[in-house]
Amino acid sequence: LWKEGDPRPAPQVSETQVVTEFVDLHYAGPYVPKDVALSMAEFADFTYFGIKQRLGWDIEAPFPLVMPFDLEHWGSEMGLPWWVPGDVQADRIVLQPISVITSRGIAQQSLTHYYVEWQLRRRTGDRLPYWFLYGAGAYFGEEGGILEGQVTPLKDRNLAIDQATMIRDLGHDYWTGTVYT
């Protein structure tokens with residue numbers, strides 16, 4: 001791997017893929033210009049170094065990153081709603097299209113979130129409950145302000161939730177149906 005001070009290897013760029021030392025980005029070429037995809041891959045490399053510095057992890061590299069052309073493809077190919085910025089699917093990270101994630105201003109938070117989630121899944125053999133993976137990703141992605149905005153309306157409601165219900169819910173991954181004990 002590249003070390004500080006060494007000349008960095010040049011990225012490999014094709015019509016649908018940019019491979020750097022730290023990211024393997026699959027994008028919607030030829031609709032997305034190569035220079036835009038290359039900039040996104042370089043930004044993903046930058047985020048990799050941020051995670052490495054914060055967590056001290058050497059993340060397996062290059063990590064697989066897929067970004068479809070538009071939100072229609074996002075829904076039809078990835079099966080995700082427009083408001084979900086990313087996911088870890090079949091051992092790859094999928095993010096919203098480059099134009100969407102950058103215009104929303106959440107590219108770095110989303111990259112960080114899903115890198116951390118992807119890495120935790122790989123390091124633990126995918127044995128952690130989804131709530132923990134999502135929480136760790138949100139924490140290291142510094143999504144606190146976003147999550148606080150979602151929690152505040154719930155705090156204002158008088159919800160009666162007992163301890164048994166909370167324990168049951170914390171041990172259940174609603175995305176996969178897995179129950180953790």
Side-chain angles (χ1 to χ4, degrees), residues 11-55 57-124 126 128-147 149-150 173-176:
Q12 300 170 5
V13 183
S14 74
E15 287 294 323
T16 60
Q17 187 177 12
V18 176
V19 180
T20 69
E21 196 168 2
F22 303 106
V23 66
D24 180 2
L25 169 63
H26 295 261
Y27 67 99
Y31 305 107
V32 174
K34 286 182 187 179
D35 60 332
V36 171
L38 183 57
S39 293
M40 187 67 200
E42 289 174 355
F43 188 72
D45 282 356
F46 171 79
T47 304
Y48 168 91
F49 286 111
I51 294 169
K52 184 176 178 179
Q53 182 179 8
R54 281 186 75 193
L55 300 178
W57 288 353
D58 281 326
I59 300 174
E60 227 175 279
F63 56 88
L65 178 59
V66 177
M67 300 181 85
F69 173 58
D70 60 18
L71 288 177
E72 183 178 331
H73 289 97
W74 178 246
S76 64
E77 292 175 21
M78 306 301 171
L80 295 166
W82 67 267
W83 49 268
V84 174
D87 197 12
V88 176
Q89 295 182 344
D91 206 32
R92 66 184 184 176
I93 299 167
V94 295
L95 285 184
Q96 284 184 340
I98 296 170
S99 60
V100 174
I101 202 98
T102 55
S103 67
R104 290 179 67 190
I106 60 171
Q108 187 162 17
Q109 291 94 334
S110 297
L111 281 166
T112 302
H113 176 131
Y114 294 106
Y115 286 1
V116 168
E117 195 175 308
W118 179 75
Q119 189 63 207
L120 286 172
R121 287 175 186 265
R122 294 183 65 75
R123 288 174 181 243
T124 65
D126 208 11
L128 294 173
Y130 183 75
W131 63 265
F132 182 87
L133 295 167
Y134 187 88
Y139 176 78
F140 289 107
E142 298 179 352
E143 299 172 25
I146 298 166
L147 296 174
Q150 295 170 349
D173 184 338
Y174 287 95
W175 289 83
T176 65

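Throughout, numbering of the chain's residues begins at 1 and tracks the sequence. The basis for the numbers below is simple: all heavy atoms, side chains too, and nothing from hydrogens, waters or symmetry mates.
Rounding to the nearest 0.5 Å places CG of Asp70 at 8.5 Å from CD of Glu77. Separating the CD atom in Glu42 from the OG1 atom in Thr47 is a distance of 12.0 Å, to the nearest 0.5 Å.
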- Task: Kindly indicate, with the supporting measurements, whether the criterion side-chain contact (heavy atoms from CB on, under 4.5 Å) is fulfilled by Leu133 and Val88.
- Result: CA-CA 10 Å; Leu133 295 167; Val88 176; over 6 Å; no
- Quick one: do Val23 and Phe63 satisfy side-chain contact (heavy atoms from CB on, under 4.5 Å)? Show the steps, please. CA-CA 5 Å; Val23 66; Phe63 56 88; 3.5 Å; yes
- Under the side-chain contact (heavy atoms from CB on, under 4.5 Å) rule, what do Ile51 and Thr112 come out as? Steps first, then yes or no, please. CA-CA 7 Å; Ile51 294 169; Thr112 302; 4.0 Å; yes
- Task: Please report the C-alpha distance between Leu65 and Leu111 in whole Å, then the side-chain angles of each, then the deciding distance to 0.1 Å, and finally whether the side-chain contact (heavy atoms from CB on, under 4.5 Å) criterion is met.
- Result: CA-CA 9 Å; Leu65 178 59; Leu111 281 166; 3.9 Å; yes
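Shown here are the side chain to side chain donor-acceptor pair (under 3.5 Å) partners of Glu72, two or more places apart in sequence or in another chain: there are none. Not counting sequence neighbours, the partners of Asp45 by the salt bridge (Lys or Arg N to Asp or Glu O under 4.0 Å) test are Arg8.
Considering every non-hydrogen atom in both Tyr114 and Gly86, the closest pair reads OH-O, 2.9 Å. Shown here for Ala107 and Thr102, the closest heavy-atom pair between the two residues is CB-CG2, 4.4 Å. Here the closest heavy-atom approach between residue Leu25 and residue Ala37 is recorded as CD2-O, 3.4 Å. In this structure, His73 and Pro68 approach most closely via the heavy-atom pair CB-CB, 4.0 Å. Of all non-hydrogen atoms in Pro62 and Thr20, the two that sit nearest each other are CB-O, 3.9 Å. For Val18 against Ala41, the heavy-atom pair with the smallest separation is CG1-CB, 3.6 Å.
The shortest side-chain heavy-atom distance between Arg122 and Trp118 falls under the 4.5 Å cut-off. Between Leu80 and Gln89 the shortest side-chain heavy-atom distance falls below 4.5 Å. No side-chain heavy atom of Trp74 sits less than 4.5 Å from a side-chain heavy atom of Met67. The shortest side-chain heavy-atom distance between Phe22 and Phe49 falls under the 4.5 Å cut-off. Side-chain contact check for Met78 versus Asp87: every heavy-atom pair is 4.5 Å or farther apart. The closest side-chain heavy-atom distance from Asp91 to Arg121 is not below 4.5 Å. No side-chain heavy atom of Glu117 sits less than 4.5 Å from a side-chain heavy atom of Phe140.
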Show every donor-acceptor pair shorter than 3.5 Å between a side-chain atom in residues 92-100 and any protein atom, with sequence neighbours excluded, or say none if there are none.
residue: Gln96; atom: OE1; partner: Arg104; partner atom: NH1; Å: 2.9
residue: Gln96; atom: NE2; partner: Trp82; partner atom: O; Å: 2.4
residue: Gln96; atom: NE2; partner: Val84; partner atom: O; Å: 3.1

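Note on ring orientation: taking the six-membered ring where Trp is involved, the planes of Tyr134 and His113 are perpendicular (angle over 60°, cut-offs 30° and 60°). Phe69 and Tyr31 have tilted rings, their planes meeting at an angle from 30° to 60° on a 0 to 90° scale.
Within a 6.0 Å radius of CZ in Phe132, no more than 12 heavy atoms belonging to other residues, nucleotides or ligands are found.
When atom types are taken as modelled, the side chain of Tyr48 and the backbone of Glu21 share no donor-acceptor pair closer than 3.5 angstrom.
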